[in-house]
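Single-structure report; data block below.
Just so you know, residue 1 is the first one in the sequence shown, and it goes up from there. On a predicted model such as this, the values are computed, not experimentally measured, just so you know.
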Amino acid sequence: MEQFKGLWRDTKYIWIGFVSLLLAIGVLGAWYYLLLLPCLPVAFVYFAFIRYDEEGNEKGDFT
């Protein structure tokens, strides 16, 4: 759970922007863009587990 908190802490404005943009395009443009909304939580969980450790700190580069 700390991984999710860490990712949200660092990127909350980006995720809010993604949701806002998709809603705006879905309402003003074509409705099928709203089908991308369920993809956002999947990407969020993926990046949380890849980029953050169990304590919610960003992992260092692996190089």
| Point-to-point distance, once rounded to the nearest 0.5 Å, from CD of E54 to CD of Q3 |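 One finds 5.5 Å between CD of E54 and CD of Q3.
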
| request: Nearest 0.5 Å please: distance from the CG atom of D10 over to the CZ atom of F47. | output: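 Spacing of CG (D10) from CZ (F47) equals 13.5 Å.
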
| task | Please examine the side chains of V42 and Y46, heavy atoms only from C-beta on, and report whether any two atoms are closer than 4.5 Å. | result |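 No, too far: nothing below the 4.5 Å cut-off.
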
Are [X] and [Y] in one and the same hydrophobic cluster, where Ile, Leu, Val, Met, Phe, Trp and Tyr link if side-chain heavy atoms are under 4.5 Å apart?
X   : Y   : value
L40 : Y13 : no
V45 : I14 : yes
M1  : W8  : yes
L28 : Y32 : no

| message | Testing L37, L35, V27 one by one against L22 for a side chain to side chain contact (heavy atoms under 4.5 Å, CB included), which residue passes? | response |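 So the option named by the test is L37.
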
| query | If you look at every heavy atom in K59 and Y52, which pair is closest and at what distance? | reply |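 Closest approach of K59 to Y52, heavy atoms only: CE-O, 3.5 Å.
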
| task | Search all heavy atoms of P41 against all heavy atoms of P38 and return the closest pair with its distance. | result |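 So the two residues come closest at CD-O, 3.3 Å.
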
| message | Looking at G56, is its backbone amide N or carbonyl O close enough to the side chain of R9 to form a donor-acceptor pair, meaning the two atoms are under 3.5 Å apart? | response |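 Yes; judged by distance alone, with no hydrogens or angles, the pair exists.
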
| field | Audit row: E58, R51, side chain to side chain contact (heavy atoms under 4.5 Å, CB included) steps and yes/no | value | CA-CA 6 Å; E58 190 172 3; R51 297 298 298 169; 3.2 Å; yes

| message | Ring centres under 6.0 Å, that's the criterion: do F18 and F44 meet it? | response |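 No, the ring of F18 stays outside the 6.0 Å limit from the ring of F44, centre to centre.
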
| task | Starting from the C-alpha separation in whole Å, work towards a yes-or-no answer on side chain to side chain contact (heavy atoms under 4.5 Å, CB included) for L23 and L34. | result | CA-CA 7 Å; L23 286 174; L34 296 175; 3.9 Å; yes

